[in-house]
Amino acid sequence: MAVTKTGLYLQSSVSALRGVGPALVQRLQRMDLWRVQDILFHLPSRYQDRRHIVPLAAVQPGQECAVLGEIISVEHQRGRREQWLVALSDGGGRLRIRLFHMAAAQRGQWQAGRRLWCFGELRSGFHGLEMVHPEWQMADLPQFQAPRHLTPFYPSCDGITQAQWRRWVAQALTLLDALPDYLEHRLPPQWPSLRAGLRLLHESADEIPSPQHPAWQRLALEELLAHHLAVRQTRQSGIPQSAPALHGGTSLWERFRARLPFAPTGAQERVIAEIKADLARHLPMRRLLQGDVGSGKTLVAAAAALTALESGYQVALMAPTEILAEQLYMRFRQWLEPLDRDVGYLVGSRSPRARRETLEALASGRLGLVTGTQALFQEGVTFARLGLVIIDEQHRFGVEQRRQLLEKGGMPHLLVMTATPIPRTLAMTVHADLEVSVIDALPPGRTPVETLVMPDSRRPELIGRMQHVLEEGRQIYWVCPLIEESEILELQAAEASFTDLRAALPGVAIGLVHGRMRAAEKAEAMDAFQSGAVRILVATTVIEVGVDVPNASLMVIEHAERLGLAQLHQLRGRVGRGMQQSSCILLYHPPLSAKARTRLRVMRETHDGFVIARKDLELRGPGEYLGTRQTGILQMRVADLLRDESLLDKIPALAERLLREDPDAARAVVQRWLGNRLDYGQVG
């Protein structure tokens with residue numbers, strides 16, 4: 001077969017493999033295996049060593065091994081279960097083989113005097129050691145071949161046997177010479193070639209390859225590179241690459257700073273300088289701003305917005321929930337109206353008249369800054385001169401939503417912010433199209449929140465603590481987490497806690513916020529809590545982000561064992577915003593799983609968002625960590641973002657070189673590893 005024809009065969013459907021019919025094609029596609037080539041990259045999950053024959057005199061119970069001997073006798077028993085009992089000897093010892101389900105064509109092979117090779121697990125029986133239904137071959141046949149390599153076992157699903165996997169891999173390996181190696185001359189000579197690495201991993205003859213083996217690392221490197229390149233393709237998606245240079249001035253920012261009751265931290269000043277340098281260029285800014293809860297990301301966003309406004313351009317600030325969008329609206333109104341700048345508000349629940357007025361002001365250019373939810377990128381929303389898009393809590397938006405908002409302004413600058421710190425491994429892979437800035441210091445005077453963990457049996461003690469907080473004039477959050485992904489059950493739990501607290505604390509003003517309330521009702525309840533009219537707010541996790549009530553000094557989270565670390569950290573960040581000592585109490589219902597116990601321990605021991613994020617990644621995995629809408633391509637075949645962190649240092653420079661020297665090869669690398677998951681890499 002010519003190389004070109006063989007290469008085309010590698011790109012063919014898995015149906016081109018011998019023995020793969022329509023039903024097996026469907027099973028393989030469910031495992032994301034579509035092409036013959038994909039079979040080569042479906043690597044063993046473990047290996048068995050069947051190469052060494054163990055003398056029968058030396059075998060032990062529980063041992064898994066290969067044996068070779070002569071059949072001494074064959075006994076066929078027809079009881080409740082038909083079986084064959086075979087006595088095997090190698091001259092030094094004896095072993096019984098017990099077989100079931102023997103096909104008619106096989107029965108004639110089992111005869112005394114023939115030589116037999118078996119592999120299986122030994123166990124003690126009534127008549128000594130035996131192997132039950134081992135894998136076997138007649139060793140006196142000309143075609144018999146003792147294993148020369150380790151025997152691989154592949155990740156599988158119902159309906160596919162290991163023997164089938166090995167046959168398909170053997171077919172694919174005959175085509176290996178036609179597999180292009182796009183990195184062969186771009187890696188140091190100590191790295192194995194792609195072909196050598198694949199052959200070793202499928203047919204290892206010497207050692208069991210661990211994920212640290214150079215062959216495994218070679219494939220992990222290319223897979224990580226493919227994911228990185230896929231995200232970078234968002235910048236080459238055909239959209240014009242020229243943005244307005246927002247030089248602005250210093251007038252608005254200086255007037256704004258003069259009104260602040262505090263000075264920005266050094267970390268905030270550094271990040272603001274990075275952003276202003278980006279905005280002053282015609283290349284569209286694409287920057288991810290990471291900052292722990294309470295680090296002051298909103299102030300940085302204000303500095304960026306003022307630069308755009310003073311340059312004569314509009315700013316859109318998008319948030320994931322109406323509660324957060326309204327919080328941002330109120331904050332920016334408080335900041336910008338004294339500077340003679342109007343702030344608009346656009347969410348789905350606004351009245352038709354208010355919505356129409358806001359849309360007209362945006363289209364005419366009269367309105368410089370608008371905050372809102374996904375309503376900002378819906379049909380009918382147009383901007384006169386959109387120069388900057390700011391997305392808060394960006395991990396809650398899919399990349400398609402981000403792209404739709406950017407298209408409203410041709411090519412505005414983009415700043416995305418998150419208080420869910422993303423470990424460096426994820427940031428480099430998922431956000432390859434973004435520069436990353438980190439606010440790594442909290443404003444002075446912030447006191448770390450005391451975190452306590454207690455079983456829900458101690459509620460009476462907790463009520464006493466709450467009474468003390470209320471007597472000091474402070475306020476309290478009481479959070480009820482999502483129950484079994486059901487808003488109805490969540491509502492019932494929140495209402496039950498609301499009723500119980502009213503009974504336990506008579507005369508105390510208690511409010512309730514949950515996901516099934518209308519937006520106006522949520523806003524009314526939040527306003528009452530912020531004004532101090534409501535002393536205790538019972539809420540579902542809708543208050544996870546954006547709520548800022550400095551007088552709230554106690555957070556109680558019911559069934560904390562149900563929540564992930566990132567969500568617990570976000571909720572805890574709602575308190576500790578004033579100068580007084582604040583506390584967060586994690587109530588749990590025993591017994592705790594091992595993972596839940598670990599999560600609660602981490603929350604008690606650290607306030608570092610990046611430490612928490614890394615532990616969250618270890619416990620949950622990368623795809624689950626950010627959600628499938630945002631990280632649809634993160635299901636790795638070979639690489640592991642934590643285990644292979646050291647490889648990521650090599651990825652950016654390798655990607656730059658490949659894109660510069662051979663863009664077609666870069667696209668081919670992405671196609672090889674992502675195949676039918678390429679939609680993610682085509683949007684920004």
Work out which heavy atom in [X] is nearest to a heavy atom in [Y]; give both atom names and the distance.
{"X": "Leu388", "Y": "Leu414", "result": "CD1-N, 4.4 Å"}
{"X": "His413", "Y": "Asp278", "result": "CE1-O, 3.9 Å"}
{"X": "His607", "Y": "His569", "result": "O-CE1, 3.5 Å"}
{"X": "Arg287", "Y": "Ser437", "result": "NH1-OG, 2.6 Å"}
{"X": "Val538", "Y": "Ala494", "result": "CG1-O, 3.6 Å"}
{"X": "Ala304", "Y": "Leu415", "result": "CB-CD2, 4.4 Å"}

Is there side-chain contact between [X] and [Y], with at least one heavy-atom pair below 4.5 Å?
{"X": "Ile439", "Y": "Leu289", "answer": "yes"}
{"X": "Phe377", "Y": "Met318", "answer": "yes"}
{"X": "Val370", "Y": "Phe383", "answer": "yes"}
{"X": "Leu586", "Y": "Leu452", "answer": "no"}
{"X": "Leu369", "Y": "Gln314", "answer": "no"}
{"X": "Leu336", "Y": "Leu309", "answer": "yes"}
{"X": "Glu645", "Y": "Arg614", "answer": "yes"}
{"X": "Leu462", "Y": "Gln467", "answer": "no"}

Practice prompt. Determine, for Tyr477 and Arg574, whether the Lys NZ or Arg CZ falls below 6.0 Å from the six-membered ring centre while staying within 45 degrees of the axis.
Written response: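 No, Arg574 does not sit over the ring of Tyr477.
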Practice prompt. Applying salt bridge (charged side-chain N to carboxylate O under 4.0 Å, His left out), run through Arg459 and Glu558 and close with a yes or a no.
Written response: CA-CA 10 Å; Arg459 281 174 186 262; Glu558 276 196 283; 2.3 Å; yes
Keeping [X] on the side-chain end and [Y] on the backbone end, is there a donor-acceptor pair under 3.5 Å?
{"X": "Gln268", "Y": "Thr265", "answer": "yes"}
{"X": "Glu274", "Y": "Glu435", "answer": "no"}
{"X": "Arg562", "Y": "Ala596", "answer": "no"}
{"X": "Glu561", "Y": "Leu592", "answer": "no"}
{"X": "Arg535", "Y": "Arg474", "answer": "yes"}
{"X": "Lys615", "Y": "Val602", "answer": "no"}
{"X": "Asp440", "Y": "Gly291", "answer": "no"}
{"X": "Ser364", "Y": "Glu360", "answer": "yes"}
{"X": "Thr606", "Y": "Asp608", "answer": "yes"}

Measuring from [X]:[atom1] to [Y]:[atom2], what's the distance to the nearest 0.5 Å?
{"X": "Ile557", "Y": "Gln567", "atom1": "CD1", "atom2": "CD", "result": "8.5 Å"}
{"X": "His559", "Y": "Cys480", "atom1": "NE2", "atom2": "SG", "result": "8.5 Å"}
{"X": "Ile476", "Y": "Phe529", "atom1": "CD1", "atom2": "CZ", "result": "8.5 Å"}
{"X": "Ser349", "Y": "Glu521", "atom1": "OG", "atom2": "CD", "result": "11.0 Å"}
{"X": "Arg458", "Y": "Ile585", "atom1": "CZ", "atom2": "CD1", "result": "8.5 Å"}
{"X": "Asp616", "Y": "Arg599", "atom1": "CG", "atom2": "CZ", "result": "8.0 Å"}

Discussion item. The test is side chain to side chain contact (heavy atoms under 4.5 Å, CB included); show your working for Trp478 and Leu587 and say whether it passes.
Written reply: CA-CA 11 Å; Trp478 185 286; Leu587 280 182; 4.1 Å; yes
Is there a donor in the side chain of [X] and an acceptor in the side chain of [Y], or the other way round, less than 3.5 Å apart?
{"X": "Thr451", "Y": "Arg572", "answer": "yes"}
{"X": "Gln475", "Y": "Ser553", "answer": "no"}
{"X": "Thr371", "Y": "Arg331", "answer": "no"}

Item to complete: Step by step, work out the side chain to side chain contact (heavy atoms under 4.5 Å, CB included) result for Met466 and Leu501.
Response: CA-CA 10 Å; Met466 293 171 66; Leu501 287 172; 3.9 Å; yes
Worksheet item: Between Ile536 and Phe498, is a side chain to side chain contact (heavy atoms under 4.5 Å, CB included) present by the stated rule, with each step listed?
Response: CA-CA 9 Å; Ile536 300 175; Phe498 176 71; over 6 Å; no
Fill in: Those residues that, when tested against Ala303, pass side-chain contact (heavy atoms from CB on, under 4.5 Å) (two or more places apart)
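Only Trp253, Ile272 meet the side-chain contact (heavy atoms from CB on, under 4.5 Å) criterion with Ala303.
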Practice prompt. Carefully, step by step, assess Glu450 and Ser582 under the rule side-chain hydrogen bond (donor to acceptor under 3.5 Å, both in side chains).
Written response: CA-CA 6 Å; Glu450 175 192 35; Ser582 297; over 6 Å; no
Discussion item. Is there a side chain to side chain contact (heavy atoms under 4.5 Å, CB included) between Leu568 and Ile612? Walk through the geometry before answering.
Written reply: CA-CA 10 Å; Leu568 288 170; Ile612 290 170; over 6 Å; no
In terms of side-chain geometry, is the basic nitrogen of [X] or [Y] positioned less than 4.0 Å from the acidic oxygen of its partner?
{"X": "Arg341", "Y": "Glu337", "value": "no"}
{"X": "Asp527", "Y": "Lys522", "value": "no"}
{"X": "Arg257", "Y": "Glu254", "value": "no"}

Discussion item. As a quick check of understanding, evaluate side-chain hydrogen bond (donor to acceptor under 3.5 Å, both in side chains) for Arg353 and Ser351, giving each step before the final call.
Written reply: CA-CA 5 Å; Arg353 179 180 176 181; Ser351 69; over 6 Å; no
Tell me, yes or no, whether the heavy-atom count around [X] atom [atom1], taken from other residues, nucleotides or ligands under 6.0 Å, exceeds 12.
{"X": "Met330", "atom1": "CE", "value": "no"}
{"X": "Arg502", "atom1": "CZ", "value": "no"}
{"X": "Glu357", "atom1": "CD", "value": "yes"}

Item to complete: Determine the interplanar angle of the Tyr345 and Tyr329 rings, folded into 0 to 90°, and report it as parallel if under 30°, tilted if 30 to 60°, perpendicular if over 60°.
Response: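 Geometry flag for Tyr329 against Tyr345: parallel rings.
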